[in-house]
Amino acid sequence: QVQVVESGGGLVQAGGSLRLSCQASGRTFGSSAMGWFRQAPGKEREFVAGITWSGSSTYYADSVKGRFTISRDNAKNTVYLQMSGLNPEDTAVYYCARFRGGGNWNDPQKYDCWGQGTQVTVSS
């Protein structure tokens, strides 16, 4: 079973950048598609970005496309989310999880092995 730990969150000014990391452990990371979600207080969990096991294909929510980049380094068992042009609407807890397939990348029910999350706060 894949276990993940997110890191890299923090407080930034609007227009700033952050790089989130998702460090995985387990025997099957190199064969696992992965995704990032976020959740703000009082709101539903929202898909941010996804990446196939090889990194050959990526998927983004419309709200972050052109600003965020997802990547992975299987040799380091790590998935990254590079975020730029941040705005206050990006404030949320960001979670990494394993995509188990079988449907839409946007659906959190298609994911398992969720991490504990890392807080991203963007000030005005």
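One is the number of the first residue; the rest follow in order along the sequence.
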Taking the side chain as everything from C-beta on, heavy atoms only, tell me whether Gln82 gets closer than 4.5 Å to Ser71.
no

Quick check: do Leu11 and Gln119 have side-chain heavy atoms less than 4.5 Å from each other?
no

Please find the pair of heavy atoms, one from Arg38 and one from Asp90, that lie closest to each other, and give the distance.
NH1-OD1, 2.8 Å

Heavy atoms, side chains only, cut-off 4.5 Å: are Glu89 and Ser63 in contact?
no

Measuring from atom OG of Ser31 to atom CG of Asn74, what distance do you get when rounded to the nearest 0.5 angstrom?
8.5 Å

Give me the atom names and distance for the closest heavy-atom approach of Gly85 to Ser17.
N-OG, 4.5 Å

Any side-chain heavy atom of Ile70 within less than 4.5 Å of one from Met34?
no

Hey, quick one: are Leu81 and Val64 part of the same hydrophobic cluster, counting side-chain heavy atoms closer than 4.5 Å, chains of contacts allowed?
yes

Taken to the nearest 0.5 Å, the spacing of Thr78 OG1 from Leu20 CG works out to 12.5 Å

So, do Met83 and Val12 sit near enough that their side-chain heavy atoms are less than 4.5 Å apart?
no

By the ring pair (Phe, Tyr, Trp, His ring centres under 6.0 Å) test, which pairs, at least two apart or in different chains, include something from residues 59-88?
Tyr59-Trp105

Those residues at least two apart in sequence (or on a different chain) that pass side-chain contact (heavy atoms from CB on, under 4.5 Å) with Ser7 are Ser21

Distance check, rounded to the nearest 0.5 Å: Gln109 atom CD versus Asn104 atom CG?
11.5 Å

Taking C-beta and beyond as the side chain, do Gln116 and Val5 meet within less than 4.5 Å on heavy atoms?
no

Between atom NZ of Lys43 and atom OG1 of Thr91, what is the distance when rounded to the nearest 0.5 Å?
9.5 Å

What residues form a side-chain contact (heavy atoms from CB on, under 4.5 Å) with Trp114, not counting sequence neighbours?
Phe37, Arg45, Tyr95, Ala97, Pro108, Tyr111

Hits for side-chain contact (heavy atoms from CB on, under 4.5 Å) against Val2, two or more places apart or cross-chain, chain-then-number order -> Val4, Ala24, Thr28, Ser32, Arg98, Cys113

Just to verify, what does Arg100 make a salt bridge (Lys or Arg N to Asp or Glu O under 4.0 Å) with, not counting sequence neighbours?
none

Residues passing the side-chain contact (heavy atoms from CB on, under 4.5 Å) test with Ser56, sequence neighbours excluded, are Thr52, Ser54

What distance separates Asn87 CG from Gln13 CD, expressed to the nearest 0.5 Å?
13.0 Å

